[in-house]
Number of protein chains: 2
Amino acid sequence: MRSKPDISLEACTYSHVLEIISNKWTALAIYAMEDGEIRYGEMMRRIEGISQKMLTQTLKRLERDGIVNRKLTPAVPPTTEYSLTPLGESLLPLMTALKVWADQHLDTVKQARSSYDSLKS
Amino acid sequence: MRSKPDISLEACTYSHVLEIISNKWTALAIYAMEDGEIRYGEMMRRIEGISQKMLTQTLKRLERDGIVNRKLTPAVPPTTEYSLTPLGESLLPLMTALKVWADQHLDTVKQARSSYDSLKS
DNA sequence: CTGCATCCGTGGCGATACTG
DNA sequence: CAGTATCGCCACGGATGCAG
(Lines give C-alpha, C1' and ligand atoms only; values in the text may rest on other atoms or scores of the structure.)
Protein backbone atom coordinates (compact mmCIF):
# COMPACT_ATOMS: atom_id res chain seq x y z
CA MET A 1 0.00 0.00 0.00
CA ARG A 2 1.45 3.29 -1.01
CA SER A 3 0.39 6.36 0.83
CA LYS A 4 -0.28 9.78 -0.54
CA PRO A 5 0.93 12.88 1.30
CA ASP A 6 -1.39 13.48 4.22
CA ILE A 7 0.70 16.06 6.07
CA SER A 8 0.92 19.50 4.56
CA LEU A 9 2.14 22.88 5.72
CA GLU A 10 -1.13 24.53 4.79
CA ALA A 11 -3.30 22.06 6.65
CA CYS A 12 -1.07 21.84 9.70
CA THR A 13 -2.59 24.46 11.94
CA TYR A 14 0.15 24.57 14.53
CA SER A 15 2.63 25.49 11.90
CA HIS A 16 0.61 28.66 11.50
CA VAL A 17 0.71 29.37 15.20
CA LEU A 18 4.46 28.98 15.11
CA GLU A 19 4.65 31.52 12.30
CA ILE A 20 3.00 33.98 14.63
CA ILE A 21 5.07 33.49 17.76
CA SER A 22 8.37 32.10 16.53
CA ASN A 23 10.00 35.31 15.41
CA LYS A 24 13.12 36.14 17.32
CA TRP A 25 11.71 38.90 19.54
CA THR A 26 8.03 38.07 19.58
CA ALA A 27 8.01 36.00 22.73
CA LEU A 28 9.97 38.65 24.59
CA ALA A 29 7.62 41.40 23.46
CA ILE A 30 4.60 39.45 24.65
CA TYR A 31 6.40 38.73 27.87
CA ALA A 32 6.97 42.46 28.39
CA MET A 33 3.25 43.13 28.02
CA GLU A 34 1.88 40.41 30.24
CA ASP A 35 1.56 42.73 33.22
CA GLY A 36 -0.46 45.32 31.30
CA GLU A 37 0.13 48.45 29.29
CA ILE A 38 3.68 49.41 28.56
CA ARG A 39 5.21 52.22 26.57
CA TYR A 40 7.44 51.84 23.56
CA GLY A 41 10.52 53.26 25.26
CA GLU A 42 9.95 51.17 28.34
CA MET A 43 9.95 48.04 26.22
CA MET A 44 13.17 49.15 24.58
CA ARG A 45 14.77 49.45 27.98
CA ARG A 46 13.41 46.21 29.36
CA ILE A 47 14.24 43.95 26.44
CA GLU A 48 17.96 43.46 26.32
CA GLY A 49 19.62 43.88 22.96
CA ILE A 50 16.60 44.73 20.83
CA SER A 51 16.91 47.49 18.25
CA GLN A 52 14.30 50.11 17.46
CA LYS A 53 13.73 48.61 14.08
CA MET A 54 13.07 45.12 15.38
CA LEU A 55 10.85 46.31 18.21
CA THR A 56 8.75 48.33 15.80
CA GLN A 57 8.58 45.50 13.30
CA THR A 58 7.67 42.95 15.94
CA LEU A 59 4.95 45.11 17.43
CA LYS A 60 3.54 45.88 14.01
CA ARG A 61 3.22 42.22 13.17
CA LEU A 62 1.55 41.49 16.46
CA GLU A 63 -0.82 44.39 15.96
CA ARG A 64 -1.67 43.12 12.51
CA ASP A 65 -2.41 39.70 13.92
CA GLY A 66 -4.78 41.20 16.49
CA ILE A 67 -2.58 40.18 19.40
CA VAL A 68 -1.51 43.61 20.49
CA ASN A 69 -3.35 46.87 21.03
CA ARG A 70 -1.72 50.16 20.12
CA LYS A 71 -2.94 53.28 21.88
CA LEU A 72 -1.35 56.42 20.50
CA THR A 73 -1.54 59.70 22.39
CA PRO A 74 -0.47 62.45 19.98
CA ALA A 75 1.14 65.06 22.17
CA VAL A 76 4.54 66.65 22.42
CA PRO A 77 6.29 64.41 23.09
CA PRO A 78 3.93 61.65 21.95
CA THR A 79 3.32 58.53 23.98
CA THR A 80 2.32 55.08 22.77
CA GLU A 81 0.98 52.38 25.03
CA TYR A 82 1.03 48.77 23.96
CA SER A 83 -1.03 46.04 25.57
CA LEU A 84 -2.26 42.54 24.86
CA THR A 85 -5.71 42.10 23.36
CA PRO A 86 -7.92 39.29 24.69
CA LEU A 87 -6.59 37.24 21.79
CA GLY A 88 -3.07 38.03 22.89
CA GLU A 89 -3.83 37.06 26.46
CA SER A 90 -5.16 33.74 25.25
CA LEU A 91 -1.60 33.03 24.13
CA LEU A 92 -0.21 33.34 27.65
CA PRO A 93 -1.16 29.81 28.78
CA LEU A 94 0.59 28.53 25.68
CA MET A 95 3.72 30.47 26.50
CA THR A 96 3.56 29.20 30.05
CA ALA A 97 3.30 25.63 28.80
CA LEU A 98 6.38 26.21 26.68
CA LYS A 99 8.19 27.62 29.67
CA VAL A 100 7.27 24.66 31.84
CA TRP A 101 8.55 22.24 29.23
CA ALA A 102 11.71 24.30 28.89
CA ASP A 103 12.40 24.27 32.61
CA GLN A 104 11.91 20.52 32.73
CA HIS A 105 13.72 19.39 29.63
CA LEU A 106 16.14 22.02 28.36
CA ASP A 107 19.04 20.54 30.28
CA THR A 108 18.39 17.19 28.67
CA VAL A 109 18.48 18.80 25.25
CA LYS A 110 21.77 20.48 26.02
CA GLN A 111 23.27 17.21 27.19
CA ALA A 112 22.03 15.44 24.06
CA ARG A 113 23.62 18.12 21.92
CA SER A 114 27.00 17.99 23.53
CA SER A 115 27.17 14.22 23.52
CA TYR A 116 26.06 14.18 19.88
CA ASP A 117 28.67 16.76 18.97
CA SER A 118 31.46 14.94 20.77
CA LEU A 119 30.62 11.73 18.93
CA LYS A 120 30.65 13.41 15.55
CA SER A 121 33.92 15.26 16.10
CA MET B 1 10.89 51.79 38.67
CA ARG B 2 12.94 49.62 36.45
CA SER B 3 15.39 51.18 34.06
CA LYS B 4 17.59 48.17 33.47
CA PRO B 5 16.77 45.39 31.00
CA ASP B 6 15.18 42.44 32.76
CA ILE B 7 14.12 40.46 29.70
CA SER B 8 16.84 38.77 27.70
CA LEU B 9 16.98 36.21 24.92
CA GLU B 10 19.41 34.07 26.86
CA ALA B 11 17.35 33.96 30.02
CA CYS B 12 14.03 33.49 28.29
CA THR B 13 13.71 29.74 28.26
CA TYR B 14 10.77 29.49 25.93
CA SER B 15 12.72 31.26 23.27
CA HIS B 16 15.01 28.26 23.36
CA VAL B 17 12.12 25.85 22.97
CA LEU B 18 10.98 27.82 19.96
CA GLU B 19 14.42 27.48 18.44
CA ILE B 20 13.97 23.73 18.62
CA ILE B 21 10.50 23.38 17.17
CA SER B 22 10.01 26.48 15.06
CA ASN B 23 11.89 25.41 11.96
CA LYS B 24 9.72 25.16 8.91
CA TRP B 25 9.39 21.37 8.72
CA THR B 26 10.05 20.35 12.32
CA ALA B 27 6.46 20.23 13.46
CA LEU B 28 5.46 18.18 10.45
CA ALA B 29 8.29 15.73 10.99
CA ILE B 30 7.29 15.21 14.61
CA TYR B 31 3.72 14.85 13.51
CA ALA B 32 4.73 12.10 11.09
CA MET B 33 6.40 10.16 13.89
CA GLU B 34 3.72 10.42 16.52
CA ASP B 35 2.26 7.02 15.64
CA GLY B 36 5.57 5.22 15.96
CA GLU B 37 8.50 4.24 13.78
CA ILE B 38 8.54 5.48 10.24
CA ARG B 39 11.01 5.12 7.42
CA TYR B 40 12.78 7.94 5.67
CA GLY B 41 11.08 7.38 2.34
CA GLU B 42 7.70 7.05 3.98
CA MET B 43 8.14 10.45 5.58
CA MET B 44 9.12 11.90 2.22
CA ARG B 45 5.90 10.61 0.77
CA ARG B 46 3.68 11.67 3.66
CA ILE B 47 4.97 15.22 4.07
CA GLU B 48 3.80 17.26 1.15
CA GLY B 49 6.38 19.44 -0.56
CA ILE B 50 9.42 18.59 1.55
CA SER B 51 12.74 18.05 -0.20
CA GLN B 52 15.28 15.39 0.64
CA LYS B 53 17.70 17.99 1.83
CA MET B 54 15.29 19.56 4.27
CA LEU B 55 13.99 16.25 5.59
CA THR B 56 17.52 15.09 6.26
CA GLN B 57 18.50 18.37 7.84
CA THR B 58 15.39 18.50 10.00
CA LEU B 59 15.83 14.94 11.23
CA LYS B 60 19.49 15.53 11.97
CA ARG B 61 18.71 18.51 14.13
CA LEU B 62 16.05 16.62 16.00
CA GLU B 63 18.43 13.71 16.48
CA ARG B 64 21.07 16.05 17.81
CA ASP B 65 18.58 17.51 20.27
CA GLY B 66 17.71 14.05 21.52
CA ILE B 67 14.15 14.26 20.24
CA VAL B 68 14.41 11.64 17.55
CA ASN B 69 15.86 8.16 17.44
CA ARG B 70 17.62 6.94 14.31
CA LYS B 71 17.81 3.21 13.72
CA LEU B 72 19.91 2.36 10.71
CA THR B 73 19.79 -1.11 9.15
CA PRO B 74 22.76 -1.38 6.82
CA ALA B 75 21.57 -3.71 4.12
CA VAL B 76 21.15 -3.47 0.38
CA PRO B 77 19.11 -1.42 0.05
CA PRO B 78 19.51 0.15 3.48
CA THR B 79 16.57 1.10 5.65
CA THR B 80 16.36 3.77 8.30
CA GLU B 81 13.61 3.97 10.90
CA TYR B 82 12.94 7.18 12.75
CA SER B 83 10.97 7.43 15.96
CA LEU B 84 10.42 9.81 18.84
CA THR B 85 12.48 9.43 21.97
CA PRO B 86 10.76 9.84 25.36
CA LEU B 87 11.97 13.43 25.24
CA GLY B 88 10.37 13.81 21.86
CA GLU B 89 7.11 12.35 23.07
CA SER B 90 7.08 14.84 25.91
CA LEU B 91 6.72 17.48 23.22
CA LEU B 92 3.44 16.05 21.94
CA PRO B 93 1.22 17.66 24.61
CA LEU B 94 2.81 20.97 23.70
CA MET B 95 2.06 20.46 20.04
CA THR B 96 -1.47 19.50 20.91
CA ALA B 97 -1.86 22.66 22.95
CA LEU B 98 -0.67 24.67 19.97
CA LYS B 99 -3.15 22.87 17.75
CA VAL B 100 -6.03 23.53 20.13
CA TRP B 101 -5.21 27.22 20.24
CA ALA B 102 -4.91 27.25 16.45
CA ASP B 103 -8.31 25.65 15.96
CA GLN B 104 -9.91 28.12 18.34
CA HIS B 105 -8.26 31.36 17.31
CA LEU B 106 -6.73 31.14 13.86
CA ASP B 107 -9.84 32.49 12.18
CA THR B 108 -9.72 35.50 14.44
CA VAL B 109 -6.13 36.13 13.45
CA LYS B 110 -6.98 35.93 9.77
CA GLN B 111 -9.82 38.37 10.23
CA ALA B 112 -7.56 40.74 12.13
CA ARG B 113 -5.02 40.56 9.34
CA SER B 114 -7.41 41.30 6.54
CA SER B 115 -9.09 44.16 8.36
CA TYR B 116 -5.68 45.60 9.24
CA ASP B 117 -4.53 45.30 5.65
CA SER B 118 -7.65 46.91 4.25
CA LEU B 119 -7.25 49.85 6.59
CA LYS B 120 -3.62 50.40 5.64
CA SER B 121 -4.16 50.11 1.91
C1' DC C 1 16.80 3.59 -0.48
C1' DT C 2 19.05 7.00 2.11
C1' DG C 3 21.47 10.29 2.14
C1' DC C 4 25.46 14.36 1.10
C1' DA C 5 27.45 18.46 -1.77
C1' DT C 6 26.76 22.63 -4.16
C1' DC C 7 24.78 26.74 -6.07
C1' DC C 8 21.72 30.38 -5.34
C1' DG C 9 17.59 33.37 -4.18
C1' DT C 10 14.90 35.26 -0.43
C1' DG C 11 14.03 37.16 3.89
C1' DG C 12 15.25 37.92 8.83
C1' DC C 13 17.93 40.68 11.40
C1' DG C 14 21.46 44.24 12.90
C1' DA C 15 23.61 48.93 12.56
C1' DT C 16 23.20 53.45 11.53
C1' DA C 17 21.21 57.79 10.33
C1' DC C 18 17.24 60.69 9.99
C1' DT C 19 12.21 62.73 11.26
C1' DG C 20 7.55 64.64 13.34
C1' DC D 1 9.51 59.96 22.46
C1' DA D 2 8.37 56.99 18.87
C1' DG D 3 9.17 55.84 15.05
C1' DT D 4 11.00 55.54 9.42
C1' DA D 5 14.66 54.63 5.80
C1' DT D 6 18.51 52.39 3.97
C1' DC D 7 22.32 49.30 3.62
C1' DG D 8 24.46 44.91 4.22
C1' DC D 9 25.23 40.29 6.19
C1' DC D 10 24.04 35.66 6.66
C1' DA D 11 21.22 31.58 7.67
C1' DC D 12 17.18 29.23 5.87
C1' DG D 13 15.49 26.82 2.47
C1' DG D 14 14.70 25.16 -2.72
C1' DA D 15 16.70 22.73 -6.87
C1' DT D 16 19.72 19.76 -8.73
C1' DG D 17 23.27 16.35 -9.12
C1' DC D 18 26.18 12.70 -7.07
C1' DA D 19 27.24 8.56 -3.83
C1' DG D 20 27.21 4.21 -0.71
Side-chain angles (χ1 to χ4, degrees), chain A residues 1-3 5 8-10 12 15 18-29 32-33 37-65 68-83 116 120, chain B residues 1 3 5 8-10 12 15-16 18-29 32-33 37-65 68-83 116 120:
Chain A
M1 148 165 190
R2 73 177 63 99
S3 38
S8 82
L9 268 179
E10 269 316 298
C12 181
S15 292
L18 289 176
E19 282 177 18
I20 297 175
I21 60 172
S22 72
N23 290 18
K24 181 170 182 181
W25 300 101
T26 302
L28 302 190
M33 288 178 287
E37 288 193 332
I38 180 173
R39 297 182 55 177
Y40 181 90
E42 177 75 3
M43 292 188 76
M44 274 294 288
R45 265 170 272 128
R46 285 192 62 192
I47 303 178
E48 183 182 350
I50 198 171
S51 66
Q52 286 188 335
K53 172 186 169 181
M54 290 319 297
L55 180 55
T56 301
Q57 188 178 109
T58 300
L59 289 170
K60 227 173 210 170
R61 267 186 207 165
L62 291 173
E63 188 193 358
R64 185 172 108 99
D65 289 343
V68 154
N69 229 311
R70 183 169 177 269
K71 193 175 72 181
L72 173 63
T73 305
V76 182
T79 70
T80 316
E81 305 257 23
Y82 288 92
S83 58
Y116 181 94
K120 302 285 174 169
Chain B
M1 152 150 198
S3 52
S8 81
L9 269 179
E10 269 316 298
C12 182
S15 293
H16 295 189
L18 289 176
E19 283 176 19
I20 297 175
I21 60 172
S22 72
N23 290 25
K24 183 171 182 182
W25 301 102
T26 302
L28 302 189
M33 288 179 286
E37 287 194 332
I38 180 174
R39 297 183 54 179
Y40 182 89
E42 176 76 1
M43 292 187 77
M44 274 295 287
R45 265 169 273 129
R46 285 193 62 192
I47 302 177
E48 183 182 350
I50 198 172
S51 66
Q52 286 187 336
K53 171 187 168 180
M54 291 319 296
L55 180 55
T56 301
Q57 187 178 108
T58 301
L59 289 171
K60 220 172 216 174
R61 267 186 210 166
L62 291 175
E63 188 194 359
R64 184 173 108 100
D65 289 345
V68 153
N69 230 311
R70 184 168 178 269
K71 192 174 71 182
L72 172 64
T73 305
V76 183
T79 71
T80 316
E81 306 257 22
Y82 288 93
S83 58
Y116 182 94
K120 302 286 175 169

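Order of the sequence lines fixes the chain letters, A, B, ..., with proteins taken first and strands second; residue numbering starts at 1 for each chain.
- If you take CE of A/Met54 and C1' of D/dA5, they are 15 Å apart, rounded to a whole angstrom.
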Dump the pairs, protein N or O against N or O of nucleotides 4-8 of chain C, anything under 3.5 Å, distances to one decimal.
{"unit_1": "C/dC4", "atom_1": "OP1", "unit_2": "B/Lys60", "atom_2": "NZ", "d": "2.7"}
{"unit_1": "C/dC4", "atom_1": "OP2", "unit_2": "B/Lys60", "atom_2": "NZ", "d": "3.3"}

query: Yes or no on side chain to side chain contact (heavy atoms under 4.5 Å, CB included) for A/Tyr116 and B/Asp65, after CA distance, side-chain angles and deciding distance?
result: CA-CA 8 Å; A/Tyr116 181 94; B/Asp65 289 345; over 6 Å; no
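- Within the model, atoms CG of B/Leu59 and OG1 of B/Thr80 stand 9.5 Å from one another, a figure rounded to the nearest 0.5 Å.
- Counting to the nearest Å, the C1' atom of D/dG20 and the OH atom of B/Tyr40 are 14 Å from each other.
- Mapping A/Glu81 and A/Leu9 onto DNA chain D via the closest heavy atom, the residue that lands nearer the 5' end is A/Glu81.
- Over its length, the helix from C/dC1-D/dG20 to C/dG20-D/dC1 turns its helix axis by 40°, as judged from the five terminal pairs at each end, rounded to 10°.
- Going from atom CG of A/Leu59 over to atom P of D/dC1 covers 16 Å, rounded to whole Å.
- Atom CG in B/Leu62 sits 12.0 Å away from atom CG in B/Asn69 (nearest 0.5 Å).
- Residue A/Ser51 is classed as having no contact, given no heavy-atom separation below 4.0 Å to the nucleic acid.
- Atom CD1 of A/Ile50 is separated from atom CH2 of A/Trp25 by 5.5 Å, given to the nearest 0.5 angstrom.
- Between the CD atom of B/Glu19 and the P atom of D/dC12 there is a distance of 10 Å, rounded to whole Å.
- Between A/Met44 atom CE and D/dT4 atom P there is a gap of 14 Å when expressed in whole angstrom units.
- Look at NZ on A/Lys71: it is 16 Å from C1' on D/dC1, rounded to the nearest Å.
- Contact check for B/Leu28 versus B/Glu48: no side-chain heavy atoms found under the 4.5 Å cut-off.
- Close to C/dG3, at under 4.0 Å from its OP1 or OP2, lies a side-chain N or O of B/Tyr82.
- Proximity of B/Thr79 to the phosphate of C/dT2: no side-chain N or O atom is located under 4.0 Å from OP1 or OP2.
- An OP1 or OP2 oxygen of D/dC1 is reached within less than 4.0 angstrom by no side-chain nitrogen or oxygen of A/Arg39.
- The CE atom of A/Met44 sits 12.0 Å away from the CE atom of A/Met54 when rounded to the nearest 0.5 Å.
- Proximity note for B/Pro78 (side chain, C-beta onward) versus D/dG13, D/dG20, D/dC1: the nearest is D/dG20.
- Residue A/Trp25 has a polar side-chain atom (N or O) positioned under 4.0 Å from OP1 or OP2 of C/dG14.
- A straight line from CG of B/Leu55 to C1' of D/dG13 spans 14 Å, rounded to a whole angstrom.
- A salt bridge links A/Arg45 to A/Glu42: one of the charged nitrogens lies within less than 4.0 Å of a carboxylate oxygen.
- In this structure, the side chains of A/Arg70 and A/Lys60 stay at 4.5 Å or more apart for every pair of heavy atoms.
- B/Lys24 places its NZ atom 14 Å from the P atom of D/dC12, with the value rounded to the nearest Å.
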message: Please determine whether side chain to side chain contact (heavy atoms under 4.5 Å, CB included) holds for the pair A/Tyr40 and A/Thr79, giving the CA-CA distance in whole Å, both sets of side-chain angles, and the decisive distance to 0.1 Å.
response: CA-CA 8 Å; A/Tyr40 181 90; A/Thr79 70; over 6 Å; no
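- Atom CD1 of B/Ile21 is separated from atom NE2 of B/His16 by 13.5 Å, given to the nearest 0.5 angstrom.
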